[in-house]
Amino acid sequence: MKLSKIYEPERYEEDIYALWEKSGAFAPKGKGQPFSVIMPPPNANASLHAGHSLTYVLQDIAVRYHRLIGDRTLYVPGADHAGFETQVVYEKQLAKEGKSRFDFSREELYSQIWDFVQTNKSGFEQQLRKLGISCDWEHFCFTLDAPVIKTAYSTFKQMWQDGLIYRGERLINYCTFHGTGFADIEVEYKEEQGALYYIRYPLTDGSGELVVATTRPETMLGDTAVAVHPDDKRYIKFVGKTVTLPVTNRQVPIISDSFVDREFGTGAVKITPAHDPNDYEVGLRHSLPSITVINFEGRMSDNLPEAYRELSVHDARLKIVKQLEKEGFIVKVEPLKHSVGHCYKCGTIIEPLLKDQWFVDMKPLAERAIANLEKDKITFFPANKKDQLILYLKNLKDWNISRQIAWGIPIPAFQNIDNPDDWIYDTQVQNETLTIDGKTYRRDPDVFDTWFSSGQWPFITLGYPDSSDFYEFYPNSLMETGVDILYQWVARMICLGLYVTGKVPFETVYLHGMVRSADGRKMSKSLGNVIPLEDTIKEFGTDALRLGIIAGRSPGDSSAYAPAKIVAGRNFCNKLWNIARYIENKVDDKRLDHTTAKPNTIADHWILSNLQRITTSVSEHLANYRFPEAYDELYHFVWDDLADWYIEASKYQTDDAVLLQVFEATLIILHPFAPFVTETIWQTLFIDKETLLIEQAWPSMLSYDEKLAAEFDQVKSIVTETRFIAGSLKTSDIKLHVLAEDFSASIELIAKLSKVKTVSEEVLTDSGFKLTQTVKAAWLDIDDNALKDYRKTLESKRISQIAVIAGLEKRLNNPEYTERAPRKIVKETRQQLESAKEILETIKKDSQKFSAVE
RNA sequence: GGGUGAUUAGCUCAGCUGGCUAGAGCAUCUCAUUUACACUGAGAGGGUCGGGGGUUCGAAUCCCUCAUCACCCACCA
């Protein structure tokens, strides 16, 4: 089969992926050491954009590399039901139909969303195939699969029994629009312009007043105290007295608590335990009652004076301020910038509200995680994220795992209808009520926070607790995910992994930065700057996207989607393609047994030397997860070494066997990065083997002679400098002289590559222009007058060469350097100085010719 | 308030444990047209590595400090 002139990815990619999938190449094979990656499951109803590709491509490169070096490699794909996220998407769809979640029971909603997800689910699977992701589809896992739920339940039960899970009334973060609570980390804080209201609270005994400052005057309806700092001389005399609250006329005590900041506001704080986390803590310390004045709909509650009932928080604030002003209780109002928590989906202000929920006591889990992190049981890329994670874990508060939504794993807990404190664990969640020993229990209507189950992903996906996969592939070798979910997900996987299995869930965490849009902003639907995956693939091909998206990116750092890098990737694939075409034409039907190739020419030795270097280097980079560095070196090996020099040389010094051998090895080491084009070429050039590139073994080395390889470097230098001079002189009509003893075998090669008219072995003793960049002797026989144009260049070369020598001499004249620096470095410096001096001599001699001319 | 990262060529960014005259892609300039490849080839130009200080024989790299930008966490009556 003949290859077309330009690589057209869309002609091959689909078939190539099908070929891999059909062959079973994605399943773990062989007896190598296990290497496992569990894919962070994409949302089941999601469509991936170009930015998403980064995570899967990085994982796939690691996976393909480990497969090639013979590891028993498992890459588990999955999908996330993404509880709240998905329900929000579905609710938006309902809204379009003029309906809302209130029109359905939770069971109805659940089954509707299930159908909704089923119809959308195939999207990302096809996208992953398009990206060439070599995951083992047989191992596919959805976060609502029965085994997942089973393990999540048994973990919940175990934690309950161990006293790590408790149910209690706490202030939780509540979105009144979506009607559910959130974990602390899910709240999005924004800096906002607000107002600080100074309000008079008269002492009940008429002996004066306290002025409190608040941003939320409406919550004063629920005040149960006023607090001052215990050391505050202004107020300490009031402690123990009471104030009479304006509007409600309730009497509340004045207490002292050191949490009060004397500098802020007036130094006197109204305490509303039911609506402020700090006040809640104060309330606990001082046994204050909690009065709820805002309900779960975000409106003022029924226990308030008629005028305020059912008002929105916003309206209530306006109304109460108006009333206070009228009655003379407002001292002043100051503008104040402060941060306010919002729902990360709808932007509604998060209300801290009292609610009974299930909580995980994170302290013991976090401590164990910290201990393991400090013992470096997990390697982080970038390394500094480990310390950040430890800091986070040290300050971790208890985790609210109850969600008031329909789409999720029902919490397996039932409450005695006659005794609210009597909760039992039971997994018969399909029943709304249970009757046990004559007592009736009602199911908790809530579901788990998605992260409670996905936090167990590294072992849940492997069939924990009693499967061979689990024994073989846990802990996972690599967890590659976004730096944005370090706390949200990685932290919880470590905590839960240690708790359930006793081991850290993975050996390495690689956190990629975010792919911002081309405009430098975050890529998001709402900003309208999303780059669709399909567009990029269609325009440039998958391999180009894979190469462009990983190029020049360091872990943990965000950087923009760079079309120029995708273009570079596309061009690179085309270059490779054309190397293959060249080889195809050259080798034709010779059926060379290239497996026993032996180097003949200096170019052969040189390319084998470079192949050895690049193979080792790519291995080292990939073993240490330095993806962009590996790609960068491969790019230059293929383009600069293989195409520009070796292939060019092969046009004059034929050695097809070595050429084929080198190209075969190149395809293998390049395969993890650009799987489609490499496999396509493999299937075309090596079809008679009936093998798949994806299943090849990492190349082993051919022997070569380092000295002969170095000879070729000399040839390169002569050719390069000759080209440069010829270019400056704008002529190729020059005669090149080289020392026969050094280059007799390469004369023709030098002539062809440097494109001069003739090359002679005649030695010019007193004429000719000596090349300066090589130690080996080579001259150009050029008319001195013609050379005049070259004077400037030579002069600037001379000056910079003198500077180089001065620098080297200064270094070597410093005894501190020669004594302290490693011997190897010093030796290198001496050699550099020597050759620098030689080059300067040549430049000087060449320069002198000009004085002769003038 | 605490923390992290960034600042290197016109643009986007690499530079791992300090050690050749600091690199890449794209862009720019010159030359090349029946070539495996114009998605090309041969060349060139372009940076006092944000400022200042320190450690070191040696600093883009380590430390301190300042500035600017970005992000994260906590608090914000």
Side-chain angles (χ1 to χ4, degrees), chain A residues 3 5-7 184-185 189 191 194 196-197 212-216 219 227 259-261 264-272 276-279 336-340 382 384-385 387-388 391-392 395 483-484 486-487 513-514 518 520 540 544 548 551-554 556-586 620-621 624 626 628-629 632 635-636 643-644 647-648 651 720 723-724 726-728 730 754-755 800-801 803-804 807-808 811 814-822 824-826 828-829 831-832 836:
Chain A
L3 300 174
K5 198 166 180 178
I6 283 187
Y7 175 54
D184 293 339
I185 195 165
Y189 287 92
E191 201 58 21
L196 190 60
Y197 300 86
V212 301
T214 180
T215 54
R216 303 200 58 184
T219 63
F259 109 94
V260 178
D261 177 358
F264 191 93
T266 59
V269 192
K270 62 190 261 332
I271 300 296
T272 323
D276 181 280
N278 277 320
D279 294 4
L336 178 76
K337 267 206 164 162
H338 61 145
S339 79
V340 181
N384 67 320
K385 292 294 166 192
D387 293 332
Q388 274 172 255
L391 206 62
Y392 172 77
N395 297 310
V483 72
D484 55 330
L486 172 63
Y487 301 145
M514 300 297 102
F540 302 106
R553 218 170 245 290
S554 36
D557 279 353
S558 298
S559 61
Y561 173 84
K565 287 180 181 168
I566 314 275
V567 168
R570 192 263 322 254
N571 295 354
F572 179 67
C573 292
N574 194 54
K575 189 74 188 177
L576 193 75
W577 184 254
N578 276 291
I579 292 171
R581 287 183 63 220
Y582 170 80
I583 294 174
E584 186 185 41
N585 285 328
K586 194 162 158 51
E620 278 171 10
H621 283 316
N624 293 292
R626 293 193 293 258
E629 289 88 342
D632 185 64
Y635 179 96
H636 291 287
D644 289 349
I647 295 239
E648 288 309 311
K651 290 174 180 171
T720 303
R723 281 170 178 170
F724 176 62
S728 308
K730 301 195 196 316
S754 57
K755 298 216 162 48
S800 70
Q801 198 64 23
V804 168
L808 292 169
R811 205 183 297 171
N814 182 353
E816 301 264 28
Y817 173 69
T818 47
E819 280 159 31
R820 293 198 181 188
K824 196 181 137 207
I825 301 276
V826 177
E828 271 173 26
T829 311
Q831 284 167 352
Q832 283 160 21

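Sequence lines set the chain letters: A, B, ... in the order given, protein chains first and strands last, and positions in each chain run from 1. All heavy atoms count here, side chains included; hydrogens, waters and symmetry mates do not.
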| What does A/P822 touch in the nucleic acid at a heavy-atom separation under 4.0 angstrom: a base, only the sugar-phosphate, or nothing? | base
| task | Check A/A643 against A/I579 and note the closest heavy-atom contact, atom names and distance. | result | CB-CD1, 3.9 Å
| remark: In Watson-Crick or G-U wobble terms, with both distances under 3.5 Å, the base opposite B/U17 is none
| task | Indicate whether OP1 or OP2 belonging to B/G43 is found under 4.0 Å from a side-chain N or O atom of A/R723. | result | yes
| query | Do the side chain of A/N574 and the main chain of A/R570 share a donor and acceptor less than 3.5 angstrom apart? | reply | no
| Are A/K565 and B/A24 close enough that a side-chain N or O sits under 4.0 Å from OP1 or OP2? | no
| task | Ignoring backbone atoms, establish whether A/K755 has a side-chain N or O less than 4.0 Å from OP1 or OP2 of B/G41. | result | no
| task | Grab the NE2-P distance between A/H636 and B/A14 for me, whole Å please. | result | 15 Å
| remark: Assert: residue with more 5' nearest nucleotide on RNA chain B, out of A/R216 and A/T818, is A/T818
| Heavy atoms under 4.0 Å, any strand shown: does A/H621 hit a base, just sugar-phosphate, or nothing? | nothing
| task | Calculate the interatomic distance between A/H338 atom NE2 and B/A74 atom P; express it in whole Å. | result | 17 Å
| message | Does any part of the side chain of A/T829, heavy atoms only, come nearer than 4.5 Å to the side chain of A/Y817, both counted from C-beta? | response | yes
| field | Residue A/L391, side-chain heavy atoms: nucleotide from B/G3, B/A24, B/U21 that is nearest | value | B/G3
Taking only nitrogen or oxygen atoms into account, show me every contact under 3.5 Å that the protein makes with nucleotides 4-7 of chain B, one pair per line with its distance.
| from | atom 1 | to | atom 2 | distance (Å) |
| --- | --- | --- | --- | --- |
| B/U4 | O3' | A/N384 | ND2 | 2.8 |
| B/U4 | O2' | A/N384 | ND2 | 3.3 |
| B/U4 | O2' | A/Q388 | OE1 | 3.2 |
| B/G5 | OP1 | A/N384 | ND2 | 3.4 |
| B/G5 | O2' | A/D557 | OD1 | 2.9 |

| said: Using Watson-Crick or G-U wobble geometry with both distances under 3.5 Å, which nucleotide pairs with B/A24? | reply: B/U12
| task | Compare side-chain N and O positions of A/R811 against OP1 and OP2 of B/U21 and report whether any pair is under 4.0 Å apart. | result | yes
| query | Can you check the A/K586 NZ to B/A36 C1' distance for me, whole Å? | reply | 12 Å
| request: Whole angstrom is fine here: how far is it from CD1 in A/I566 over to P in B/U12? | output: 17 Å
| query | Checking all strands, does A/Y392 fall into the base, sugar-phosphate, or nothing category for heavy-atom contacts under 4.0 angstrom? | reply | nothing
| What are the two closest non-hydrogen atoms of A/P628 and A/A551, and how far apart are they? | CB-C, 4.4 Å
| Side-chain touch A/K575/A/Y635, heavy atoms, less than 4.5 angstrom | no
| request: Would you tell me if any nitrogen or oxygen in the side chain of A/K5 comes within less than 4.0 Å of OP1 or OP2 on B/C37? | output: yes
| message | Within the 4.0 Å heavy-atom criterion, would you say A/D261 contacts the bases, only the backbone, or no part of the nucleic acid? | response | base
| field | Distance, rounded to the nearest Å, where A/E819 contributes CD and B/G19 contributes C1' | value | 18 Å
| Which of these nucleotides, B/C20, B/A36, B/G43, is closest to any side-chain atom of A/Q832? | B/C20
| note | Any strand, both distances under 3.5 Å, Watson-Crick or G-U wobble: B/A67 pairs with B/U7
| note | For B/G41, the nucleotide meeting Watson-Crick or G-U wobble distances (both under 3.5 Å) is B/C31
| said: Measuring from atom NE2 of A/H338 to atom CG of A/L196, what distance do you get when rounded to the nearest 0.5 angstrom? | reply: 9.0 Å
| field | B/G46: pairing nucleotide in any strand, Watson-Crick or G-U under 3.5 angstrom | value | none
| query | Does B/C62 pair with anything, Watson-Crick or G-U wobble, both distances under 3.5 Å, and if so, with which nucleotide? | reply | B/G54
| note | With the side chain defined as heavy atoms from C-beta on, A/Y487 is closest, among B/A36, B/G41, B/C72, to B/C72
| note | Pairing partner of B/G1, by Watson-Crick or G-U wobble and under 3.5 Å for both distances, is B/C73
| task | From the options B/U12, B/A36, B/U40, select the nucleotide whose nearest atom is closest to the side chain of A/N571. | result | B/U40
| request: Indicate, with a heavy-atom threshold strictly under 4.0 Å, whether A/E629 touches base, sugar-phosphate, or nothing. | output: sugar-phosphate
| query | Does a side-chain N or O from A/S554 land closer than 4.0 Å to OP1 or OP2 of B/A14, or not? | reply | yes
| note | Taking B/G19, B/G25, B/G43 as options, the one with an atom nearest any side-chain atom of A/A568 is B/G25
| Less than 3.5 Å between a donor and an acceptor, one on the side chain of A/R570 and one on the base of B/C39, is that the case here? | yes
| task | Output the distance between atom CD (A/E584) and atom CH2 (A/W577), rounded to the nearest 0.5 Å. | result | 8.5 Å
| task | Report which part of the nucleic acid A/Y7 touches: base, sugar-phosphate, or nothing (heavy-atom distance under 4.0 Å, all strands). | result | nothing
| query | Could you give the CZ-to-C1' distance, from A/F724 to B/A44, as a whole number of Å? | reply | 7 Å
| note | Taking B/G41, B/G19, B/A74 as options, the one with an atom nearest any side-chain atom of A/Y189 is B/A74
| message | Considering every strand and a 4.0 Å limit on heavy-atom distances, what is the contact class for A/A643: base, sugar-phosphate, or nothing? | response | base
| message | Quick check for you: among B/G41, B/A36, B/C73, whose closest atom lies nearest to any side-chain atom of A/I185? | response | B/C73
| Minimum-distance nucleotide to A/D644 side chain [options: B/C16, B/A42, B/A36] | B/A42
| message | Between A/N624 (side chain only) and A/R626 (backbone N and O only), is there a donor and an acceptor less than 3.5 Å apart? | response | no
| field | Whole-Å distance separating the CD atom of A/E584 from the C1' atom of B/C37 | value | 14 Å
| query | Nearest nucleotide by nearest heavy atom, which residue falls closer to the 5' end of RNA chain B, A/Y582 or A/S559? | reply | A/S559
| query | When all nucleic acid strands are considered with a 4.0 Å heavy-atom cut-off, which category describes A/V212: base, sugar-phosphate, or nothing? | reply | nothing
| query | When all nucleic acid strands are considered with a 4.0 Å heavy-atom cut-off, which category describes A/L196: base, sugar-phosphate, or nothing? | reply | sugar-phosphate
| field | Beyond-backbone contact of A/L336 with A/T215, side-chain heavy atoms, under 4.5 angstrom | value | yes
| field | Selected nucleotide, minimal atom distance to A/I6 side chain, candidates B/C26, B/A44, B/C39 | value | B/C39
| said: For A/L391 versus A/N395, what's the shortest heavy-atom pair and its separation? | reply: O-ND2, 3.1 Å
| task | Using both distances under 3.5 Å as the test, list the Watson-Crick or G-U wobble partner of B/A36, or none. | result | none
| message | Under a 3.5 Å distance rule, please check whether A/R553 uses its side chain to pair with a backbone N or O of A/S559 as donor and acceptor. | response | yes
